[in-house]
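Below is one structure; the comments refer to it alone.
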Amino acid sequence: MNRAPDSTTAPQSASRRALLGAKLAAPIIIGYLPVAFAFGIVGRLADLPDWATITMSVIVYGGASQFAALQLLSTGGLSAIISTTFIINSRHMLLSASLGPKLHRMNRWQKALFSLELTDEAYALHDAQYRSRPQRSRTEVFAANLLVHVSWVVGTILGVSFGHIVPNLDQLGLDFALTAMFIAILFTSVLKSAHDWLVAGLAGGIAVVVTLAGAGIWATVIAALTAATIGWVISMRRRRRTIGKAVSVSPQNSREAGA
Amino acid sequence: MSTSFLIIMLIGMAVVTIVSRLVPMLLVDRFEPGPKLTLWLEQVPAAVIAAIVVPAMLIQHGVVDVSLDNRALWVGLATIAVAVLTRSFFLTIMAGLGLMIGVSLLL
């Protein structure tokens with residue numbers, strides 16, 4: 001690899017890169033700890049053995065799907081729990097495909113390892129960071145992922161261990177931590193252009209409508225796919241119009257533009 | 001809930017989640033997406049996150065709730081204001097959590 005002109009953005013030593021990763025992970029950790037804590041408590045309430053609650057946070061590592069599984073434990077069978085998990089987490093397919101091309105410094109195995117850590121929040125963090133610094137160090141990226149994952153597990157362990165001490169957990173609204181985190185992601189890094197606002201508004205509106213219509217766990221995926229596709233059609237038309245203008249200025253390009 | 005039920009449940013949940021995260025990553029690694037697919041993928045972040053946030057704020061117990069009782073909505077709007085004003089991920093989460101805990105303790 002050529003010496004990249006990014007010495008100002010990439011700290012020199014591995015430990016400093018890892019430290020930068022930790023710094024970036026901190027806000028997510030602050031959001032994860034209370035939500036994972038709440039998950040630990042709800043696991044106890046659902047009569048799930050502590051080892052299973054903690055193992056879920058280690059190997060599934062997907063907040064919304066974990067809470068849904070606890071809800072289904074009393075009524076649903078295995079297939080209901082597993083298929084619900086799949087539907088809820090299928091949005092990660094979109095996130096994974098959209099972040100993949102930005103990880104050009106990683107080999108296939110590193111990409112695979114990275115993808116296992118791809119929660120919504122980790123996605124938002126890395127998406128924003130890769131936009132401003134495409135040549136980020138892998139040490140930094142993996143350090144951030146590891147710390148965030150560990151915080152999710154630690155929060156769960158604290159929840160099953162000390163949850164009974166906290167009275168009226170429900171009233172404290174700890175689950176709002178997730179919403180606050182998504183708000184932070186959306187309004188500090190994702191919404192950059194008027195077009196982004198349009199896509200977000202469409203997705204939010206469609207999600208509300210299909211939820212009210214009874215889409216249940218499908219709502220997120222349906223709304224996201226529909227809004228992304230509408231946004232894509234608009235972008236394509238805009239792009240074609242721009243190309244059309246370029247062609248009328250320089251007719252020799254018309255063959256390329258038609259392709 | 002037998003132990004074998006729980007083990008199968010955990011492995012099943014982990015497998016479907018890992019497949020969702022891993023397979024698209026490997027696909028775009030093997031087949032580089034063209035400009036059209038790239039443009040579609042660029043729409044994804046705003047679409048996915050808004051599709052999670054907006055219902056979480058607006059819908060309570062299956063109906064749209066814009067009354068003062070809906071804390072997620074009003075604390076959420078205040079959190080959005082902090083996000084827009086400060087542009088800080090960290091401050092936004094602290095403000096959102098702090099406000100929600102404060103409101104819950106006071107009311």
Side-chain angles (χ1 to χ4, degrees), chain A residues 27 30-31 34 52 55-56 59-60 62 69 78 81-82 85-86 89-98 100-101 108 111-112 115-116 118 127 171-173 176-177 179-188 190-191 196 199-200 203-204 207-208 211 219-220 223-224 227-228 231-232 235-236, chain B residues 1 5-6 8-10 12-14 16-18 20-29 32-33 36 38-59 63-64 71-72 75-76 79-80 83-84 87-90 92-94 96-97 100-101 104-105:
Chain A
I30 287 166
T55 305
M56 204 189 283
I59 67 174
V60 180
L78 265 182
I81 293 175
I82 294 171
T85 304
F86 180 62
N89 289 339
S90 58
R91 67 173 182 280
H92 293 137
M93 291 184 178
L94 307 178
L95 304 181
S96 172
S98 96
R108 185 163 298 159
K111 285 184 183 182
S115 76
L116 303 186
L118 206 53
D127 180 64
Q171 291 170 16
L172 282 177
F176 183 76
T179 307
M181 206 157 5
F182 287 126
I183 288 173
I185 293 166
L186 199 57
F187 289 90
T188 65
V190 172
L191 297 179
D196 297 332
V199 173
V208 168
T211 302
T220 310
W232 175 73
S235 294
M236 289 288 282
Chain B
M1 278 182 284
F5 174 95
L6 292 175
I8 297 170
M9 175 189 83
L10 290 169
M13 290 178 71
V16 296
T17 305
I18 288 169
S20 299
R21 290 173 178 162
L22 179 64
V23 171
M25 180 72 71
L26 295 180
L27 281 178
V28 294
D29 182 58
E32 210 163 297
K36 282 188 182 177
T38 303
L39 191 63
W40 190 85
L41 291 171
E42 281 169 9
Q43 320 288 323
V44 164
V48 171
I49 297 170
I52 299 171
V53 167
V54 177
M57 284 174 62
L58 272 180
I59 299 179
V63 290
V64 172
R71 291 175 195 168
V75 177
T79 309
I80 290 173
V84 172
R87 295 266 148 205
S88 157
F89 195 90
F90 183 79
T92 304
I93 287 173
M94 292 306 281
L97 256 182
M100 183 51 93
I101 291 174
S104 304
L105 289 176

So for [X], is it side chain, backbone, both, or neither that comes closer than 4.5 Å to the heavy atoms of chain A?
{"X": "B/V16", "answer": "both"}
{"X": "B/S88", "answer": "backbone"}
{"X": "B/I80", "answer": "both"}
{"X": "B/V23", "answer": "neither"}
{"X": "B/I59", "answer": "side chain"}

Tell me which of these, [options], has more heavy-atom pairs under 4.5 Å with chain B than the rest.
{"options": "A/T55, A/I59, A/T179", "result": "A/I59"}
{"options": "A/A69, A/A177, A/A97, A/S90", "result": "A/A97"}
{"options": "A/A207, A/P27, A/A203", "result": "A/P27"}
{"options": "A/P34, A/A227, A/G62, A/P101", "result": "A/P101"}

Spatial distance of atom [atom1] ([X]) from atom [atom2] ([Y]) [nearest 0.5 Å]:
{"X": "A/I82", "Y": "B/T17", "atom1": "CD1", "atom2": "OG1", "value": "10.0 Å"}
{"X": "A/N89", "Y": "B/R21", "atom1": "CG", "atom2": "CZ", "value": "6.0 Å"}
{"X": "B/F5", "Y": "A/I81", "atom1": "CZ", "atom2": "CD1", "value": "4.5 Å"}
{"X": "B/L26", "Y": "A/R108", "atom1": "CG", "atom2": "CZ", "value": "7.0 Å"}

Which of [options] touches chain A most, by non-hydrogen pairs under 4.5 Å:
{"options": "B/P33, B/P45, B/G76", "answer": "B/P45"}
{"options": "B/T38, B/V75, B/I49", "answer": "B/I49"}
{"options": "B/E32, B/M57, B/K36", "answer": "B/K36"}
{"options": "B/V84, B/L58, B/T79", "answer": "B/T79"}
{"options": "B/V53, B/V63, B/T92, B/D29", "answer": "B/D29"}
{"options": "B/L10, B/L6, B/L22, B/L39", "answer": "B/L39"}

For the pair A/S96 (side chain) and B/M25 (backbone), establish whether a donor and an acceptor sit closer than 3.5 Å, ignoring hydrogens and angles.
yes
Please check: side-chain N/O of B/R87 versus main-chain N/O of A/F187, any donor-acceptor pairing under 3.5 Å?
yes
Side chain, backbone, both or neither: which part of A/F176 has a heavy atom under 4.5 Å from chain B?
side chain
Please identify which of these residues, A/T220, A/L186, A/I185, meets the side chain to side chain contact (heavy atoms under 4.5 Å, CB included) condition with B/I52.
A/T220
From A/D127, A/V190, A/V199, A/L94, residue fulfilling side chain to side chain contact (heavy atoms under 4.5 Å, CB included) relative to B/V44
A/L94
Heavy-atom nearest pair, B/I93 first then A/A180, reads CG1-O, 4.3 Å
Measure across A/A223 and B/A51 and return the closest heavy-atom pair with its distance rounded to 0.1 Å.
CB-CB, 3.9 Å
Quick one, B/F89 with A/M181, criterion side-chain contact (heavy atoms from CB on, under 4.5 Å). Give me CA distance, side-chain angles, the key distance, then yes/no.
CA-CA 8 Å; B/F89 195 90; A/M181 206 157 5; 4.1 Å; yes
